[in-house]
Protein chains: 2
Amino acid sequence: METAAPKRRTRIQIEKREAILEAALDVFSQHGFRGATIDQIAEAAGMSKPNLLYYFRSKEEMHVTLMQRLLDTWLAPLRELDDEGDPISELRGYIRRKLEMARDFPRESRLFANEILQGAPRIMPMIEGELKTLVDEKARVMKRWMRDGKIATVDPYHLIFAIWATTQHYADFDVQVRAVLGPDRGGDGRFDDAARFLENLFLEGLRPPR
Amino acid sequence: METAAPKRRTRIQIEKREAILEAALDVFSQHGFRGATIDQIAEAAGMSKPNLLYYFRSKEEMHVTLMQRLLDTWLAPLRELDDEGDPISELRGYIRRKLEMARDFPRESRLFANEILQGAPRIMPMIEGELKTLVDEKARVMKRWMRDGKIATVDPYHLIFAIWATTQHYADFDVQVRAVLGPDRGGDGRFDDAARFLENLFLEGLRPPR
DNA sequence: ATTATTTTTGACCGATTGGACAAACGTTAG
DNA sequence: CTAACGTTTGTCCAATCGGTCAAAAATAAT
C-alpha cells in the first residue's frame with residue numbers, strides 16, 4: 001500500500017517544476033510567504049502565472065514542497081555529527097559545516113528564518129517531529145561526551161541553539177554584517193574570519209590564556 | 001534653526017499615535033511589513049482605518065517611526081558597556097542585558113529581524129550610521145582590553161555578532177526553541193538556562209576543565 | 001496523417017490591498 | 001451661543017492579489 005499516489009511525471013513537468021522551485025526559493029526567501037506574489041515567482045521562472053499554476057496548484061503548495069525538500073539539506077550537518085568520533089573534532093566540524101551552509105545556501109537559511117519568525121505556521125509539525133527527534137538524539141550523544149569528560153558540561157540543547165544562531169546569523173543578517181564590517185572587511189573573507197572566531201569561541205571562550 | 005518642524009500635537013494626538021504604534025509593533029513583528037495590513041493594525045488599535053490614516057499618513061510612516069524609536073532601546077545594552085569597568089564583568093553584563101531584552105521585548109527583536117532579513121530596505125541608513133558607529137567605538141574598547149591581556153584576543157566585530165546572534169535567537173526563533181525543549185523545559189525557565197549557558201560559553205568555551 | 005494528450009496563454013473573477021475624500025461629529029475658545 | 005478647529009466615519013477607488021477557465025498551441029502516440 002502506497003501512502004502517496006505514484007504521480008507519473010513527464011520530462012517537461014520535472015524540469016518546469018524544478019525551475020519554479022528555484023524561482024520560488026529566490027522570491028520567498030527575500031519577501032517571506034505573504035510578501036511573495038505568484039506573479040513574481042512566475043516571472044523569475046520565465047513563465048506566465050497560469051502556466052505556473054498548471055504545475056503547482058497554489059502558492060502554499062510551492063512553499064510546503066520547498067520546505068520538505070530543504071529540511072533534509074538543512075539538518076544534514078547535524079546528522080553527520082558522529083558519536084564515535086573525537087568530540088572536539090566533531091563539534092569543530094559541525095560548526096564549520098553549518099557555517100559553510102550559511103555561506104553557500106543563504107536563501108535556504110532565510111526561508112527557514114522567515115518561517116520561524118512568523119510562528120512557523122506551515123512547518124510546525126516538521127519542527128516538533130523530525131527536527132526535535134534529531135536534536136534529542138544528538139543531545140544524548142553530547143551528554144555522553146560530557147560524562148566522559150571529553151568536553152565541558154553544559155546544556156547540550158542550548159549549545160546546539162548557540163551553534164545554529166551564530167552560524168545562521170551570517171546568512172540571515174548578511175546585510176547588517178556587511179554594513180558593520182564595512183567595504184574592506186565585509187568582502188568574501190568574512191566567512192573565513194567568522195570560522196576562525198567561532199571555532200575559537202566555542203572551544204576556548206574569552207577567558208585570557210596563561 | 002530647526003531641522004524638523006515643531007509639529008504641535010494635541011493630547012489626543014499623542015495618545016492615539018502611541019496606541020497605533022503599540023498595535024503596529026504587534027502586527028509588524030508577527031507578519032512583517034508586507035504581510036501586515038493597515039486594517040489589522042487599525043483593529044488592534046481599536047479604531048477605523050481612515051481614523052488611523054489621520055494620524056499616520058501611510059503604512060510606511062508607521063514603520064519608520066517604530067524603527068527610529070526602537071533603535072535607541074535596542075542599542076542601549078551595548079551603549080552601557082563601560083570601557084572603564086572590569087572587562088569580564090562588562091561582557092558578562094552585556095550578554096545578560098541583551099538576553100533580558102530578548103525576553104522582555106521579543107516583538108522589537110522580531111521587527112528588526114524581519115527588516116534585516118529582507119535586506120533592510122527601510123533602515124539601511126541607520127545601520128550604516130548610528131549602529132555601525134557604536135559598534136566601531138565598542139570594538140575599539142574591546143581591542144584595548146585584548147592588548148591589556150584582560151580578555152582573549154579575538155575579532156571584536158565577530159564577538160559582537162555572536163552575542164547578538166545567540167541572545168536574539170531566543171526571541172526570533174522562540175517557537176522553535178520552545179518546540180525543541182519540549183513542554184517541560186520550554187517554560188519560563190528557559191531564559192535562566194540560556195543565561196547560564198551563554199555566560200559559561202563566552203567566558204570558558206567548551207574545552208574540558210582541568 | 002490523425003488523434004489524443006500535454007502544455008501554454010489571454011481573459012477574466014471576486015477578494016483584498018493601501019489610500020483618498022467629503023461629510024458628519026466632537027471639542028473648545030471666544 | 002457660535003465659530004473654529006480637531007476628530008471620526010462611510011463610502012469609494014484603482015491596483016494588486018490568488019486563482020479559474022476555455023481555448024489555442026505544442027507535443028506525443030497511433
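Naming convention: chains lettered A, B, ... in sequence-line order (proteins, then strands); numbering from 1 in each chain. Quick note: numbers below take in every heavy atom, side chains included, and nothing from hydrogens, waters or symmetry partners.
- At least one side-chain nitrogen or oxygen of Gln13(A) sits closer than 4.0 Å to the OP1 or OP2 atom of dT7(C).
- Contact check for Thr167(A) versus Arg97(A): no side-chain heavy atoms found under the 4.5 Å cut-off.
- The pair Arg103(A)-Asp192(A) fails the salt-bridge criterion, with no side-chain N (NZ, NE, NH1 or NH2) lying under 4.0 Å from an Asp/Glu carboxylate O.
- Residues Gln40(A) and Leu53(A) each lie close to DNA chain D; by heavy-atom proximity, the contact nearer the 5' end of the strand is made by Gln40(A).
- Closest contact between the side chain of Pro50(B) and the listed nucleotides dA20(C), dT17(C), dG19(D) involves dA20(C).
- Contacts of Ala42(B) with the nucleic acid, taken as non-hydrogen atoms under 4.0 Å apart, are absent.
- Across the protein-nucleic acid pair, Glu15(A) atom CD and dT7(C) atom P stand 11 Å apart, rounded to whole Å.
- Between dT9(C) and Asn51(A), a contact under 4.0 Å exists linking OP1 or OP2 to a side-chain N or O.
- Projected onto DNA chain C by closest heavy-atom contact, Lys59(B) and Gly46(A) fall at different nucleotides, the more 5' of which corresponds to Gly46(A).
- Shown here are the salt bridge (charged side-chain N to carboxylate O under 4.0 Å, His left out) partners of Asp193(A), two or more places apart in sequence or in another chain: Arg185(A), Arg196(A).
- Between Ser48(B) and dT9(D), a side-chain N or O to OP1/OP2 separation shorter than 4.0 Å is present.
- Considering only heavy atoms from C-beta on, Arg122(A) stays 4.5 Å or farther from Met67(A) through its side chain.
- For Ile38(B), taking side-chain heavy atoms from C-beta onward, the closest of the listed nucleotides dG19(D), dT8(C), dG19(C) is dG19(C).
- Backbone-only contact: Lys16(B) has heavy atoms under 4.0 Å from sugar-phosphate atoms and none from a base.
- Between His158(A) and Tyr170(B), the ring centre distance stays below 6.0 Å.
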Under 3.5 Å between N/O atoms: give me all the protein pairs with nucleotides 22-28 of chain D, atom names plus distance.
none

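- Rounded to an integer number of Å, the gap from CD of Glu43(B) to C1' of dT16(C) is 15 Å.
- In this structure, Lys49(B) atom NZ and dG18(C) atom C1' are separated by 6 Å, rounded to whole Å.
- Under a cutoff of 6.0 Å and an axis angle of 45°, Arg17(B) and Phe56(B) form a cation-pi pair.
- For dT8(C), the OP1/OP2 oxygens have no side-chain nitrogen or oxygen of Tyr54(A) closer than 4.0 Å.
- Look at CE on Met47(A): it is 14 Å from P on dG10(C), rounded to the nearest Å.
- Taking atom CZ on Arg17(B) and atom C1' on dT7(D), their separation rounds to 15 Å, with Å as the unit.
- Between Arg57(B) and Glu61(B), at least one side-chain nitrogen of the basic residue sits less than 4.0 Å from a carboxylate oxygen of the acidic one, meeting the salt-bridge criterion.
- Here dG18(C) presents its P atom at 12 Å from CD of Glu60(B), a figure rounded to the nearest Å.
- Spacing between atom CG of Asp39(A) and atom C1' of dC12(C) amounts to 14 Å, rounded to whole angstrom units.
- Distance CZ (Phe56(B)) to C1' (dA20(C)): 19 Å, rounded to an integer number of Å.
- Mapping Arg34(B) and Tyr55(B) onto DNA chain D via the closest heavy atom, the residue that lands nearer the 5' end is Tyr55(B).
- Counted within 6.0 Å of CD on Gln30(B), heavy atoms from surrounding residues, nucleotides or ligands total more than 12; the atom is thus considered enclosed.
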